[in-house]
J.: 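Provided herewith is a single structure, encoded as structure tokens, for subsequent inquiry.
We count ligands from 1, going down the list as the structure has it; atoms in each ligand are counted the same way.
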Amino acid sequence: MREDTKRKRGVLDEPLIFERGSTGRVGYSLPEDDIPARDLERDLPGELRRETLAEFPEVSEGEVLRHFTRLSQWNFSAATTLYPLGSCTMKYNPVINEVVARLPGFAQLHPLMPDEYTQGALTLLADLERCLAEISGMDAISLQPAAGAQGELTGMKLIRAHHQAQGHPRKKVLIPGSAHGTNPASAALCGYAVVEVPTSPAGMLEAATVAKHVDADVAALMVTNPNTLGLFEREITQITEVLHTHGALVYMDGANLNALMGVAKPGHMGADVIQFNLHKTFSTPHGGGGPGAGPVGVKKILEPYLPIPRLVRAAEQYAWSDAFPHSIGRVRSFYGNFGILVRAYAYILALGSDGLTHATRMAVLNANYLRKRLEQTYHLAHDEPCMHECVFSDRSFTQAGVKTLDIAKRLLDYGFYAPTIYFPLVVSGALMIEPTETESKETMDEFADALLTIAKEIEDTPSALKDAPLTTPVSRLDETRAARHPVLRWRKPSA
Ligand SMILES: *Cc1c(COP(=O)(O)O)cnc(C)c1O
């Protein structure tokens, strides 16, 4: 066995922490206890006490460290490999942001501190609001929502409040078939009926099609631009005009802002409200459900309804104010996910406006580089230049009996996390690749080479892919059974 393979086996052969160590071993050393003993019987009645000791692991500090470091190697992350999960924007997150967010003045600030003692933090938040307004072309910002989806719900509530103030909340929200699943969910949670608007064969939303669906009961269109096919909606200004003519509003899902920032502004395209996914575009390690921040930006017409408390400036000081009678109220405790807001602010200031523009251009260039490297082998859903992500399908391989899932699983054996698969739903067997701006040409080449090698494997022995992955702690699972009957106890693989 080769040395590196042995090392890899060692990492993958990690037992439960309960199976390490030995009786009486501890991972700490404390001075002798000099607090007088008390009568346990008096403080803790017998029926509340265990009869046998809890079986905690008995391990040294080094064993704990190695155990968890090894387990961390079982994972895929942007810190270990290119992580091309389309729509999720898993880019490199500068570590300096972590240092800044941990500064005691930020990290140990209590949210109930009086405003007069938190002027530094409030100035940061106010300045971040200004930066986001500038980047998006919107008039006002709320930093409160804690995730993209919560930003969507907040935005839809603002739209509802606006229509309500006109005397009628309206009934329907138009959403293109290519939308992220959270869009219809947010609209429905807000009490709206979702009407799907078909996209053209070229994957685009057309103003004429939208016009056919608009009537006096339509509250808004929810649209992502660039859309989830990675294509820029060329008719976006005509589309937003159609909605506005009917007194409806436009919600733009801003999760893909890393394809626009510094180059184009949703505010200029006619969006009335957008959410920012700070954890994606503005760099925070994220995934597996958090942490995140999903501020919303609005045009003047929606500003009266923004969540309270809002940051106001009076007598040379910043302060939180609830004096907004038309507000939809709070959407989260306190003032938003502060640590993420600090990271986003650090990222924006570190890059500056030229840097943000450059990041956008590189994100688009990288996606197009991969598109060109793979287009002869993998079927492109839409054969034209893309923005920050490109969508392939498994069409060239279905004849050989190989599906997107097989390709995605096999990629793990090559050390790469898989792209987003089977999304967007409008592409059968979709493989949605987003390299982000932070990958080098060499890394993207390794990734493209892996995909091309897999294509060769499909040509030679397609059946071999059915068992992939072969080099991970567990190999192919029955996905349905794994979800319904999870086996949470680790078992030693048989030799
Ligand atoms: C990620 C994403 C969302 C949801 O954002 P969360 O922060 O995960 O709630 C919404 N829309 C699009 C297009 C996204 O990529």
J.: Would His279 count as a contact of ligand 1 if the rule is a heavy atom under 4.0 Å away?
T.: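 So His279 counts as touching ligand 1.
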J.: Considering only heavy atoms, does Asn277 approach ligand 1 within less than 4.0 Å through its side chain, its backbone, both, or neither?
T.: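 Side chain only.
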J.: Need the ligand 1 atom indices (1-based, order shown) with element for anything under 4.0 Å from a heavy-atom of Ala255.
T.: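 Those qualifying, in numeric order: 2 (C), 11 (N), 12 (C), 13 (C), 14 (C), 15 (O).
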J.: With a sphere of 6.0 Å drawn around NZ of Lys157, does it hold more than 12 non-hydrogen atoms of other residues, nucleotides or ligands?
T.: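 No, NZ of Lys157 has 12 or fewer neighbouring heavy atoms, counting only those of other groups under 6.0 Å.
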J.: For Asn225 and Asn256, what are the C-alpha separation, side-chain angles and deciding distance, and is it a side chain to side chain donor-acceptor pair (under 3.5 Å)?
T.: CA-CA 7 Å; Asn225 195 20; Asn256 292 342; over 6 Å; no
J.: Please say whether the positively charged group of Arg170, taken as NZ for Lys or CZ for Arg, lies over the ring of Tyr192, i.e. under 6.0 angstrom from the six-membered ring centre and within 45 degrees of the axis.
T.: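 That pair does not qualify as a cation-pi contact.
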J.: For ligand 1, note which part of Gln150 has a heavy atom under 4.0 Å away: side chain, backbone, both or neither.
T.: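 Neither part.
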J.: Measure the distance from atom 11 (N) of ligand 1 to every protein heavy atom, then report the residue, atom name and distance (to 0.1 Å) of the closest one.
T.: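 Among all protein heavy atoms, the one nearest atom 11 (N) of ligand 1 is Asp253 OD2, 2.6 Å.
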J.: Taking only heavy atoms of Ala149 into account, list the atoms of ligand 1 that are under 4.0 Å away from them.
T.: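 What qualifies from ligand 1 is 4 (C), 5 (O), 6 (P), 9 (O).
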J.: Any idea which protein heavy atom is nearest atom 6 (P) of ligand 1, and the distance to it?
T.: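 Scanning the protein heavy atoms, the shortest distance from atom 6 (P) of ligand 1 goes to Gly148 N, 3.5 Å.
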J.: Looking only at distance, does Ser87 have an N or O less than 3.5 Å from an N or O of ligand 1?
T.: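 In this structure, Ser87 places an N or O atom under 3.5 Å from an N or O of ligand 1.
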J.: Taking a cutoff of less than 4.0 Å between a non-hydrogen atom of the residue and any ligand atom, is Glu152 in contact with ligand 1?
T.: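 It does; at least one heavy atom falls under 4.0 Å.
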J.: Could you check whether Lys403 pairs with Asp406 (Lys NZ or Arg NE/NH1/NH2 to Asp/Glu carboxylate O, under 4.0 Å)?
T.: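 Judged by the 4.0 Å cut-off on N to carboxylate O distance, Lys403 and Asp406 do not form a salt bridge.
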J.: Indicate yes or no: does Lys409 engage Glu479 in a salt bridge with an N to O separation below 4.0 Å.
T.: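 Judged by the 4.0 Å cut-off on N to carboxylate O distance, Lys409 and Glu479 do form a salt bridge.
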J.: How about Leu112 and Phe334: do any of their side-chain heavy atoms sit closer than 4.5 Å?
T.: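 Answer yes - side chains close enough.
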J.: Name the closest protein heavy atom to atom 14 (C) of ligand 1, giving the residue it belongs to and the distance to 0.1 Å.
T.: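 Checked against all protein heavy atoms, atom 14 (C) of ligand 1 sits closest to Lys280 NZ, 2.9 Å.
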J.: Is the NZ or CZ atom of Arg310 both under 6.0 Å from the centre of the six-membered ring of Phe324 and within 45° of that ring's axis?
T.: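 Here Arg310 passes the 6.0 Å and 45° test against Phe324.
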